[in-house]
Amino acid sequence: MNETTDARVEIYDDYGVEGEMSIPNQGRSQTLGEPDFNTLDEPIRDTVLRDLKAVGTKFYHVLIPREKKSLLKEWDLWGPLLLCTFMAMILQGSAERDSNDGGPEFAEVFVIVWIGSMIVTLNSKLLGGNISFFQSVCVLGYCLLPTAMALIVCRVMLLYPQTNLLFIIRFLFTIVGFVWATYASTAFLGDSQPVGRKGLAMYPIILFYFVVSWLIISHTAS
Amino acid sequence: MDPQLEFHNAPSGSMQNAALLDIDSDSDMDPGKTKLTDNPLEDSTDQSTKKTSFWSLGFFQNLFDVDTDQVYDRLYGALVPFPKSFLQHHVNGKPDLYGPFWICTTLVFSIAISGNLANYLQAGAANENYHWKYDFHAVTLSATAIYSYAWIVPLGLWAVFKWMVPEEHRLSFLELLCVYGYSLTIYIPVSVLWVIQLSWLQWLLALVGTGLSATVLVTSVWPAISQMEARRYLVLGIIIVLHTVLAAGFMLYFFHAYPVLNKKNVSLVPEVTTIRNVMTNNATHS
């Protein structure tokens with residue numbers, strides 16, 4: 001009995017939604033929570049700019065991690081892709097020699113960043129974290145921003161002849177980038193873990209940024 | 001309590017489900033537990049494999065079902081094996097893979113990073129003007145060595161147990177993985193200390209580290225091994241030798257200074273600098 005009435009209610013609900021569909025855009029977006037723009041008839045520039053703006057806002061939130069939920073609302077992987085490509089381009093060793101050149105290949109940086117963030121995410125899922133897979137990958141990727149900035153600073157300093165003082169400055173910048181990245185990702189992801197397991201979920205994140213920072217400080221111009 | 005129902009619930013992933021599931025299955029398993037009291041370890045691992053299939057997230061959630069305090073306790077047990085055996089007193093029949101996996105990963109990077117540091121110190125000692133390059137591929141090498149050691153040896157040991165040990169004394173594969181993973185803990189601080197370029201200190205550290213972690217291993221697997229009459233010392237010997245070879249291999253390959261190697265490195269300097277020149281030239285032309 002119960003089931004049949006439920007089914008009927010559902011049918012009526014469907015009719016109700018169909019009725020609303022004919023109402024113009026604004027009304028629909030308010031009721032269903034869909035975006036209030038239509039990508040079919042807007043210029044491409046608007047579409048691209050909107051995405052860029054979303055990426056830019058996320059970067060801003062990583063630099064100033066005040067709102068905890070700001071990065072978790074809508075995930076995208078554009079920012080991580082940009083950062084990862086940029087870092088891989090700078091960090092890669094030269095391809096001309098195969099021995100003792102030292103630096104990782106382009107693809108190896110990619111693997112470290114993507115597989116690394118996926119494993120870290122999988123770890124927090126397995127520990128019982130309450131967050132979707134790509135949300136977490138997105139946050140981990142965006143939080144690479146401070147380390148990428150440290151990389152830029154280090155790269156600029158490498159243009160000058162190397163002294164111990166310059167090395168210490170590079171080292172300090174790398175440390176700051178590492179701490180910043182860890183702090184930001186902890187702020188975003190910390191709440192998704194059960195109480196007794198925060199430490200277990202945070203440790204891999206720290207290790208992840210530590211390894212990335214090691215790649216940065218070890219990079220000595222190719 | 002329909003077992004089929006439980007099976008379907010688990011992969012949905014939320015922690016609440018998993019927690020509920022544990023409670024349910026415990027009450028289910030109680031009669032079974034009292035039947036198999038001679039080996040509670042075997043029983044509880046069977047339980048976890050029965051509940052969910054290998055390919056579901058729930059199966060692995062059971063293996064990551066540890067709290068921070070528990071992991072601290074196990075790490076402590078793996079570092080200080082003296083009063084009690086690791087497996088019987090710290091794991092209590094609930095092996096996890098969180099510890100082994102992250103201990104191996106940490107060890108991979110700590111060996112690669114401090115190995116590079118050691119290499120730098122050696123190069124600096126050999127030649128003042130040496131243009132040092134870090135070697136990222138130490139990571140690849142140490143990862144291959146550590147990950148394969150941490151699961152191939154337990155797999156082999158598990159097969160040997162299956163063959164030679166009566167069923168009620170066997171250790172499950174997961175328990176062996178857990179013991180082997182945690183037994184590598186001591187090598188993390190040791191690998192950092194190996195950076196110090198004093199030959200006697202390096203050997204001493206290798207000796208202490210191997211001694212401690214072999215103690216963890218041996219005290220944990222001894223109850224099973226002692227069941228093999230004639231071959232028990234052979235198997236025990238193989239376990240200890242493999243463990244020692246691993247530690248000695250790490251130290252000699254990544255940390256120990258060889259005079260011959262230093263010469264080879266130094267000879268590379270002109271080539272590296274010429275590449276740099278070529279690259280900067282290209283950069284200015286383009």
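To find a chain, count down the sequence lines: A is the first, B the second, and so on, and within it residues start at 1. Worth knowing before you read on, the calculation uses all heavy atoms, side chains too, and leaves out hydrogens, waters and symmetry mates.
Counted within 6.0 Å of CZ on A:Phe133, heavy atoms from surrounding residues, nucleotides or ligands total more than 12; the atom is thus considered enclosed. Within 6.0 Å of CZ in A:Phe86 there are more than 12 heavy atoms belonging to other residues, nucleotides or ligands. With a 6.0 Å radius and a threshold of 12 heavy atoms from other residues, nucleotides or ligands, A:Phe173 has its CZ atom at or below the threshold. Heavy atoms of other residues, nucleotides or ligands lying less than 6.0 angstrom from CD1 of A:Ile44 number 12 at most. The number of heavy-atom neighbours closer than 6.0 Å to CH2 of A:Trp114, taken from other residues, nucleotides and ligands shown, is above 12.
Ion pairing of B:Asp69 with A:Arg197 is absent here, as no side-chain N (NZ or NE/NH1/NH2) approaches a carboxylate O to less than 4.0 Å.
The most heavy-atom pairs under 4.5 Å with chain A, out of B:Thr140, B:Val139, B:Thr106, B:Val71, come from B:Thr106. Of the listed residues (A:Val211, A:Asn123, A:Val195, A:Asn130), the one with the most heavy-atom contacts under 4.5 Å to chain B is A:Asn123.
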(request) For A:Phe210 and B:Ile113, run side-chain contact (heavy atoms from CB on, under 4.5 Å): C-alpha distance rounded to whole Å, both residues' side-chain angles, the deciding distance at 0.1 Å, then the answer. (result) CA-CA 11 Å; A:Phe210 184 76; B:Ile113 293 174; 3.6 Å; yes
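Counting heavy atoms from C-beta on, the side chains of A:Glu108 and B:His137 come closer than 4.5 Å. Here the side chains of A:Trp214 and B:Asn116 are in contact, with some heavy-atom distance below 4.5 Å. Residues B:Trp102 and A:Leu200 fail the side-chain proximity criterion, which asks for heavy atoms closer than 4.5 Å.
Only the side chain of B:Phe101 comes within contact range of chain A, judged by heavy atoms closer than 4.5 Å. Using a 4.5 Å cut-off between heavy atoms, A:Leu159 does not touch chain B at all. In this structure, the portion of A:Leu207 lying under 4.5 Å from any heavy atom of chain B is its side chain and not its backbone.
Atoms CG and CG, on A:Leu126 and B:Asp65 in that order, are 11.0 Å from each other to the nearest 0.5 Å. Here the CZ-OG distance, from B:Phe64 to A:Ser124, works out to 10.5 Å after rounding to the nearest 0.5 Å. Rounding to the nearest 0.5 Å gives a distance of 8.0 Å between OG1 of B:Thr105 and OH of A:Tyr203.
When all heavy atoms of A:Ala201 and B:Tyr98 are compared, the pair lying nearest together is N-OH, 4.5 Å.
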